[in-house]
Amino acid sequence: QVQLVESGGGLVQAGGSLRLSCAASGGTLSSYNMGWFRQAPGKEREFVAAIGRSSGSTYYRDSVKGRFTISRDNAKNTVLLQMNSLKPEDTAVYYCAAAGRITILSMRRLDQYDYWGQGTQVTVSS
């Protein structure tokens with residue numbers, strides 16, 4: 001059973017940066033396709049970014065392209081989400097998730113992921 005724990009959230013002014021980390025226990029994250037999702041108050045959870053298990057290819061929702069970067073640190077068994085040029089609309093609880101099998105077409109779907117963390121709050125003030 002893989003357990004995921006997010007960290008790195010906080011309060012930041014618009015234009016600032018945060019780096020989120022997703023640490024794993026009970027499994028090796030390099031064996032999984034990894035995704036970051038977010039959920040703002042009153043809204044559905046949405047896809048933010050993903051990184052492939054074998055290819056290392058990365059995918060982003062349009063609104064974060066060029067500002068967010070997903071990466072792996074296999075030595076630390078973590079997945080990172082570097083967030084730059086943050087905007088108030090980025091405010092949400094951010095979740096990392098792990099998927100054993102996934103396709104490019106399905107990686108944006110929540111139901112394709114097997115394991116989820118508890119989330120970390122990101123608040124961007126204007």
Side-chain angles (χ1 to χ4, degrees):
Q1 183 80 7
V2 175
Q3 294 185 329
L4 304 175
V5 178
E6 303 92 339
S7 62
L11 173 63
V12 64
Q13 289 187 334
S17 299
L18 285 174
R19 188 176 75 167
L20 305 184
S21 294
C22 174
S25 59
T28 303
L29 289 187
S30 59
S31 300
Y32 293 89
N33 301 285
M34 298 299 298
W36 283 96
F37 292 77
R38 66 187 181 187
Q39 187 167 18
K43 295 187 177 181
E44 295 185 349
R45 194 171 298 188
E46 64 183 16
F47 169 80
V48 175
I51 185 166
R53 172 179 55 191
S54 56
S55 67
S57 297
T58 56
Y59 307 89
Y60 301 92
R61 70 179 298 106
D62 287 346
S63 63
V64 307
K65 285 180 181 177
R67 300 189 298 122
F68 291 11
T69 303
I70 187 172
S71 62
R72 295 179 181 272
D73 185 339
N74 290 334
K76 295 182 178 179
N77 203 26
T78 61
V79 174
L80 306 172
L81 184 68
Q82 178 67 43
M83 305 187 297
N84 298 328
S85 301
L86 283 161
K87 304 175 181 180
E89 51 263 43
D90 295 319
T91 295
V93 177
Y94 283 71
Y95 300 88
C96 69
R101 291 187 176 186
I102 209 165
T103 66
I104 294 175
L105 293 178
S106 65
M107 65 174 54
R108 298 169 186 265
R109 290 173 47 183
L110 279 70
D111 62 357
Q112 297 298 297
Y113 289 80
D114 305 302
Y115 304 102
W116 290 83
Q118 294 300 306
T120 185
Q121 177 70 47
V122 171
T123 303
V124 185
S125 63
S126 57

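None of the values given here were measured: they were computed from a predicted structure.
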| message | Any heavy-atom pair between the side chains of V64 and R38 that's under 4.5 Å? | response | yes
| query | Side-chain contact, heavy-atom cut-off 4.5 Å: F68 with W36? | reply | no
| ILVMFWY cluster, Y115 and I102 together (side-chain gap under 4.5 Å) | no
| task | For the pair L4 and L29, evaluate side chain to side chain contact (heavy atoms under 4.5 Å, CB included) and give the outcome as yes or no after the intermediate values. | result | CA-CA 10 Å; L4 304 175; L29 289 187; 3.8 Å; yes
| message | Tell me whether Q118 contacts the main-chain N or O of V5 through its side chain, where contact means a donor paired with an acceptor under 3.5 Å. | response | no
| said: side chain to side chain donor-acceptor pair (under 3.5 Å) for S106 and T103? Distances and angles first, verdict last. | reply: CA-CA 5 Å; S106 65; T103 66; 2.9 Å; yes
| task | For residues Y95 and Q39, determine if any side-chain heavy atom of one lies less than 4.5 Å from a side-chain heavy atom of the other. | result | yes
| remark: Value for CG (L20) from OG1 (T78), rounded to nearest 0.5 Å, stands at 12.0 Å
| request: Start with the C-alpha distance between M107 and N33, add both sets of side-chain angles, then the distance that settles side chain to side chain contact (heavy atoms under 4.5 Å, CB included), and finish with yes or no. | output: CA-CA 9 Å; M107 65 174 54; N33 301 285; over 6 Å; no
| request: Ignoring hydrogens and angles, tell me if any N or O in the side chain of N77 forms a donor-acceptor pair with the backbone of G27 under 3.5 Å. | output: yes
| field | Flag if over 12 foreign heavy atoms under 6.0 Å of CD, Q121 | value | yes
| R108 (side chain) donor-acceptor with F47 (main chain) under 3.5 angstrom | no
| If only atom types and distance count, is the side chain of T120 paired as donor or acceptor with the main-chain N or O of Y94 below 3.5 Å? | no
| field | Lys/Arg-Asp/Glu bridge criterion (N-O < 4.0 Å) met for D90, K87 | value | no
